[in-house]
Amino acid sequence: QVHLVESGGGSVQYGGSLRLACAASGNIVSIYAMGWYRQAPGKQRELVATMTAPGTTTYADSVKGRFTISRDNAKNTVYLQMNSLTPEDTAVYYCHADERVGVTPDQYDYWGQGTQVTVSS
């Protein structure tokens with residue numbers, strides 16, 4: 001089991017910046033990847049950025065060059081630095097962990113509670 005706690009959401013004006021943090025606890029050694037997804041009102045949840053355990057990163061096209069995912073292994077925490085924010089970035093942001101267990105391996109998804117990011121024009 002993996003438990004995720006997010007922090008850092010809030011309200012910001014167009015062009016501003018925010019940094020989200022996601023602290024993981026529990027079966028940390030089995031985490032294959034961690035990342036961020038977001039869901040805007042009336043839309044499906046979408047990938048924002050992920051980072052695998054070896055350090056490979058993936059970004060949605062809409063955030064490339066503006067958002068940066070990083071991690072602090074000592075704190076078991078993943079960050080999302082968001083710059084040049086626009087109203088289109090307004091959404092609930094969810095931390096996600098992909099856990100792989102065993103030889104097969106079995107795969108499990110874990111989600112944080114979500115944190116609201118609101119960008120005003």
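Just so it is clear, the model here is predicted, and its values are computed rather than measured. Quick note: residue numbers are just sequence positions, from 1.
Closest approach of Leu4 to Ala97, counting heavy atoms only: CD1-N, 3.7 Å. Leu18 and Gly10 make their closest contact through CD1-O, 3.9 Å (heavy atoms, listed as atom of the first residue, atom of the second, distance). Counting all heavy atoms, side chain and backbone alike, Val48 lies closest to Val63 at O-CG2, 3.6 Å. Taking both residues in full, the closest heavy atoms of Ala24 and Val2 are given as CB-CG1, 4.5 Å, listed atom of the first, atom of the second, then distance. Taking every heavy atom of both residues into account, Thr77 and Ala21 meet most closely at CG2-CB, 4.2 Å.
Side-chain atoms of Arg66 come within 3.5 Å of backbone N or O of Ser84 as a donor-acceptor pair. No donor-acceptor pair closer than 3.5 Å links the side chain of Thr50 to the backbone N or O of Gly35. Remark: side-chain polar atoms of Thr90 are paired, donor with acceptor, to backbone N or O of Val119 under 3.5 angstrom. Between the side chain of Glu6 and the backbone N or O of Gln113 there is at least one donor-acceptor pair closer than 3.5 Å. Side-chain N or O atoms of Thr86 include one that pairs as donor or acceptor with a backbone N or O of Glu88 at under 3.5 Å.
For Tyr59, there are no ring pair (Phe, Tyr, Trp, His ring centres under 6.0 Å) partners two or more places apart in sequence or in a different chain.
Within a 6.0 Å radius of CD in Gln116, more than 12 heavy atoms belonging to other residues, nucleotides or ligands are found. Under a cut-off of 6.0 angstrom, the local environment of CD in Gln1 is sparse, with at most 12 non-hydrogen atoms contributed by other residues, nucleotides or ligands.
Cluster annotation: Val117 is not connected to Val5 through the hydrophobic network of ILVMFWY side chains, with a link wherever side-chain heavy atoms come within less than 4.5 Å. Hydrophobic clustering (side-chain heavy atoms under 4.5 Å, transitive across Ile, Leu, Val, Met, Phe, Trp, Tyr) keeps Leu80 apart from Val92. The hydrophobic clustering, which links ILVMFWY residues whose side-chain heavy atoms are closer than 4.5 Å, places Leu47 and Ile31 apart.
Looking at heavy atoms from C-beta onward, Phe67 lies in side-chain contact with Leu85 at the 4.5 angstrom threshold. By the 4.5 Å heavy-atom criterion applied to side chains, Met51 and Val78 are not counted as neighbours. Using a 4.5 Å heavy-atom threshold, the side chains of Arg71 and Met34 count as separate. Between Leu20 and Met82 the shortest side-chain heavy-atom distance falls below 4.5 Å.
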Q. Run the side chain to side chain contact (heavy atoms under 4.5 Å, CB included) check on Cys95 and Trp36 step by step: do they pass?
A. CA-CA 5 Å; Cys95 181; Trp36 296 91; 4.0 Å; yes

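Rounded to the nearest 0.5 angstrom, Asn83 CG and Thr68 OG1 are separated by 6.5 Å. Put simply, CZ on Arg38 and CZ on Arg45 are 13.0 Å apart, with the number rounded to the nearest 0.5 Å. A distance of 5.5 Å separates NE2 of His96 from CG of Asp98, quoted to the nearest 0.5 Å.
Screening Tyr110, Tyr93, Tyr94, Trp111 for a ring-ring contact (aromatic ring centres under 6.0 Å, His included) involving Tyr37 leaves a single residue, Trp111.
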